Each structure stands twice: as structure tokens, then as C-alpha cells.
Number of protein chains: 2
Amino acid sequence: MSPARMSRETLLPAMAAHVLENGIAGVSLRPLAKAAGTSDRMLIYHFGNRQGVVDALLEYLAKLYETGLDAALPAEPARDRRETVRRILERTASPALTPFMRLWWEVVAASAAGDETFRESAASTMGLLLGWLEAHMPEGDPDPRGGARLLLTLIEGSQMLGAVGRADIAEAALAAFEG
Amino acid sequence: MSPARMSRETLLPAMAAHVLENGIAGVSLRPLAKAAGTSDRMLIYHFGNRQGVVDALLEYLAKLYETGLDAALPAEPARDRRETVRRILERTASPALTPFMRLWWEVVAASAAGDETFRESAASTMGLLLGWLEAHMPEGDPDPRGGARLLLTLIEGSQMLGAVGRADIAEAALAAFEG
DNA sequence: AGCTTTATGTAGCGATCGCTACAAGGCCTG
DNA sequence: CAGGCCTTGTAGCGATCGCTACATAAAGCT
């Protein structure tokens, strides 16, 4: 049996699935290659070095997240700001998106540690989310621009609290927000 | 020259300084030991295994952070909620506390990945901050309990945005908050 | 057909990892 | 002073790490 020819494009989906389950910051080539049905040797061949693999994965995962987000987020605007936050928190908690959350905090941690690749990825993800929020603020909101930024900050704070097992704090915060 | 006798207590400060600079999640024994003037052999001896070292460091760093926070945070209550947030963000950006932020996101990432030790450490840190906030809400605040939770969520969201280089979003969010 | 390019396997290198076996020195207690 | 305990050094084990050298089979091009 001749070995199946593979390219970056055929390898990325399987590798993405692997890092969504096992993390990306400390991923090592041999398990990653095995998950994609190839060898570390070939990952180096296709991506140059480990950094090239991680870069490609970050880019691929960002696109994957974006399309998943588009599909999950509600199209019609909510009644008010609090409802907007609530809907997004519900939707991003869907099974299709939760694996991305684990990855997200790895990206944030690497950004905080000074990794430029991760920081750029993180900043652009925040830009993406902010753009969506600005376009979907409640009708008649007095300050959609500032409001979207406020909601994004609240959403991310809530998600962090959820990640450390203190979703109760985020829930109470939301209850106290504008009411 | 006889080797200096060392115990957990004498080792922890130097090790803490090392992880504040280099991170804790992926720290390895040999560099850590070198930073503390000892050997990996002795770290295992004093702490049992690597997990024991990390556990002890997390506990020690939590106390260190707590005392640093007490010293940095303003005693008197602020005029309003926004001012409260602003002050805390300013103070936690002080040089004495910034190294902890890098560590913080590592703790969050490990929590999100399911590490129970890190999650407990993170949850208790959030409890600590929440307690301080509840005790220092502006005078006459209509809902100090819910308000403190709201402010904590905002603060953490702001700090995350700062970590990924989008402090501008957090600044605009704060400007749009109650005003 | 022959030559080149592309894609792959096998094997291994030097480094680092957590951890352990063994020996020995220093201290305390009898 | 003798014996045991606490602490440390040295050396190394087996595993994993990113990456490379070398050979080769397949595919395409002239």
C-alpha cells in the first residue's frame, strides 16, 4: 500500500481536533503527527519546524472558531444589553464551542508571557468578537460603540470566572448589571 | 565548605522569584533548583515530586500575592463604582504586582484544562479579591454585594484584554460604564 | 526512457525531562 | 564515643523532545 499523499490542508483538520482536545501551547510533534496519521518527520517537512505547525494551527483554528461562532450566535438583536450578554454566554457554552475556550486561555496565557504569535491571534479574535457585538447591539442603544466594548469586557470576565469554577460570581454580576 | 542546610521555607522565596519570571505551569526541576541554589535531587527530597513543588509554590505565591495586594490597594472607598475599578486596575498594574498577572493567566489556563490544583488556587484568589471588593464598595452603593461581583467581572475582563494587547477596549468599556 | 522533483520511511543525535539508587558527610542522641 | 537519622552529592535510567541525515519510492517533465 502506497502511503497517502498529504499536504498542509489535509493535515490541519486532524491536528486541530487534537489540539482542541489536548491543548496547543505545549503540544509536541510526535503525538500530534500520530493524531493526523503521519509522522513528526512529515510535520517538519510540511511546516518547516514546530513553530510553523503552531502558527498554521492558530490560523486554522481562528477560522474554524469564526465560522462556528457565526453559526452559533443569534442573528436578531436582543432587547437590552444584559440580554445580549446572556445570549452570547449561552451560545458560546454550546458543545461545538466549549473546546475552543480551553484553547483560548492558553492563548491568553502565552500572550501574557510575551509570545507575539499568540498575542496577535488573541487580539484579532477580540477584534472579531467586538465587531460582531457592535453590529448586534440592542436597537436604540444610546452608545453602541462604548456599549459593545463594555459588554465584551463583561463577557470575557464572565468566561474567565467560569473557567476557574466561579460562574456563580459572573451570574450575580450579570444580575446586578443594569438592574 | 559544608553545604548550606535548606528547607522548604528557605527554598520557596527563590523558587517563587524564578516562576514569577519564567512561569509555573511548565517549570522544570533543574532550572528551578538552580535558581534556588540547590539541585533537582533536593527538590524531590523536600517536596516528594514535581507536583509537590508546584503545589507548595502555588500556596506560597497566593500568600505573597495577598500581602502585595493589601499593600497596593487603597484603603479609603472611591466615589463611585467606576472609580473603584479604575483604582484597582492602576494599583494591580504596579511593578510589584505585574509579574503575578502573567502567572495568573497560566493558572486560569490550567484550570480551564481541568487541573484541580490550579483551579482551587484560582477560585480562592477570586474569592479573596471579591471579599476585598465587597468591603470597599463606594459608600451608599445601592447593591454592594451584586455590585462587587459586577466590578470583579469587569476588572478581570479588563485585565484579560490588557494581557492580549487590547487595553484600548477595556478603557473604552470603562468609559461607557455608568456614564 | 531518463532525469528531477516531491513525498515519505528509518534511524538516530544531542538535549532535557522526572525521578531513583547508592554512598557519604554532618548532626543529634544514647 | 557509637549508632542512627537527616541532608546532600554523584551518577545514571528510561522516556521524550525537536530536528536531521540518508535512502527511496512515486510522480511528473523533457
Side-chain angles (χ1 to χ4, degrees), chain A residues 1-16 18-19 21-61 103 106-107 109-110 113-118, chain B residues 1-16 18-19 21-61 103 106-107 109-110 113-118:
Chain A
M1 192 181 78
S2 69
R5 287 304 179 84
M6 288 177 176
S7 65
R8 289 168 165 253
E9 284 65 35
T10 62
L11 291 172
L12 281 170
M15 291 200 296
H18 181 259
V19 300
E21 272 226 342
N22 301 97
I24 188 172
V27 75
S28 53
L29 293 182
R30 270 172 265 239
L32 185 59
K34 189 168 188 179
T38 181
S39 66
D40 58 330
R41 165 73 182 73
M42 290 315 295
L43 294 190
I44 300 287
Y45 176 73
H46 284 299
F47 299 93
N49 52 29
R50 197 194 100 107
Q51 188 61 50
V53 179
V54 172
D55 289 353
L57 274 170
L58 276 180
E59 189 185 331
Y60 181 79
L61 286 161
L103 225 52
E106 275 193 79
V107 172
D115 185 303
E116 267 311 308
T117 303
F118 281 82
Chain B
M1 193 181 76
S2 69
R5 287 303 180 85
M6 287 176 176
S7 65
R8 289 168 166 252
E9 285 64 36
T10 61
L11 291 172
L12 281 170
M15 292 200 296
H18 181 259
V19 300
E21 273 224 341
N22 301 97
I24 188 172
V27 74
S28 54
L29 295 181
R30 269 173 266 241
L32 185 60
K34 189 169 188 178
T38 181
S39 66
D40 58 330
R41 164 73 181 74
M42 289 316 294
L43 294 189
I44 299 286
Y45 175 75
H46 285 298
F47 298 92
N49 52 27
R50 198 194 99 109
Q51 188 61 50
V53 179
V54 172
D55 289 353
L57 275 170
L58 277 179
E59 189 184 332
Y60 181 79
L61 285 161
L103 226 52
E106 276 193 80
V107 172
D115 186 302
E116 267 311 307
T117 302
F118 281 83

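Computed from a predicted model, the values in this text were never measured in an experiment. Throughout, protein chains are lettered first and strands after them, A, B, ... in sequence-line order, and every chain is numbered starting at 1.
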Identify, with sequence neighbours excluded, every residue that meets side chain to side chain contact (heavy atoms under 4.5 Å, CB included) alongside A/Ala33.
A/Thr38, A/Leu43
A/Asn22 versus A/Val27: any side-chain heavy-atom pair under 4.5 Å?
no
Taking only residues at least two apart or on different chains, which pairs with a member in residues 47-58 of chain A satisfy side-chain hydrogen bond (donor to acceptor under 3.5 Å, both in side chains)?
A/Gln51-A/Asp55
Ignoring backbone atoms, test whether B/Ser28 places a side-chain nitrogen or oxygen under 4.0 Å from the OP1 or OP2 oxygen of C/dC17.
yes
Rounded to the nearest 0.5 Å, what's the gap from CG on B/Leu29 to CE on B/Met42? Could you check?
13.0 Å
For the student: nearest non-hydrogen atoms of A/Ala35 and A/Ala14, plus distance:
O-CB, 3.8 Å
Is there a side-chain contact between A/Arg8 and A/Tyr60 in this structure, where contact means two heavy atoms from C-beta onward sitting under 4.5 Å apart?
no
To the nearest angstrom, how far is A/Tyr45 atom OH from D/dT24 atom P?
18 Å
Within residues 29-39 of chain A, find the residues that approach DNA chain C with a heavy atom at under 4.0 Å, and present them sorted by residue number.
A/Arg30, A/Ser39
Partner residues of A/Ile24 under the side chain to side chain contact (heavy atoms under 4.5 Å, CB included) criterion, sequence neighbours left out
A/Val19, A/Val54, A/Leu57, A/Leu58, A/Leu61, A/Leu103, A/Glu106, A/Phe118
Interatomic distance, A/Phe47 CZ vs D/dG18 P [rounded to whole Å]:
15 Å
Apply side chain to side chain contact (heavy atoms under 4.5 Å, CB included) to residues B/Met15 and B/Phe47 and explain how you reach the verdict.
CA-CA 13 Å; B/Met15 292 200 296; B/Phe47 298 92; 3.8 Å; yes
Got a sec, which pairs hit salt bridge (charged side-chain N to carboxylate O under 4.0 Å, His left out) with one end in residues 21-39 of chain A, sequence neighbours left out?
A/Arg30-A/Asp40
Would you tabulate the nitrogen or oxygen pairs shorter than 3.5 Å linking the protein to nucleotides 20-22 of chain C?
from   : atom 1 : to      : atom 2 : distance (Å)
C/dA21 : N6     : B/Arg41 : NE     : 3.3

For A/Pro31, side chain to side chain contact (heavy atoms under 4.5 Å, CB included) partners two or more places apart:
A/His18, A/Ser28
Heavy atoms within less than 4.0 Å of DNA chain C: which residues of residues 49-57 of chain A have one? Give them sorted by number.
none
Would you please name every residue forming a salt bridge (charged side-chain N to carboxylate O under 4.0 Å, His left out) with A/Glu9, sequence neighbours left out?
none
Atom-to-atom span, CE of B/Met42 to P of D/dG9 - whole angstrom
7 Å
Nearest whole angstrom, please: distance from the P of D/dT7 to the CE of B/Met6.
13 Å
OP1 or OP2 of D/dT8 versus the side-chain N and O atoms of B/His46: is any pair under 4.0 Å?
yes
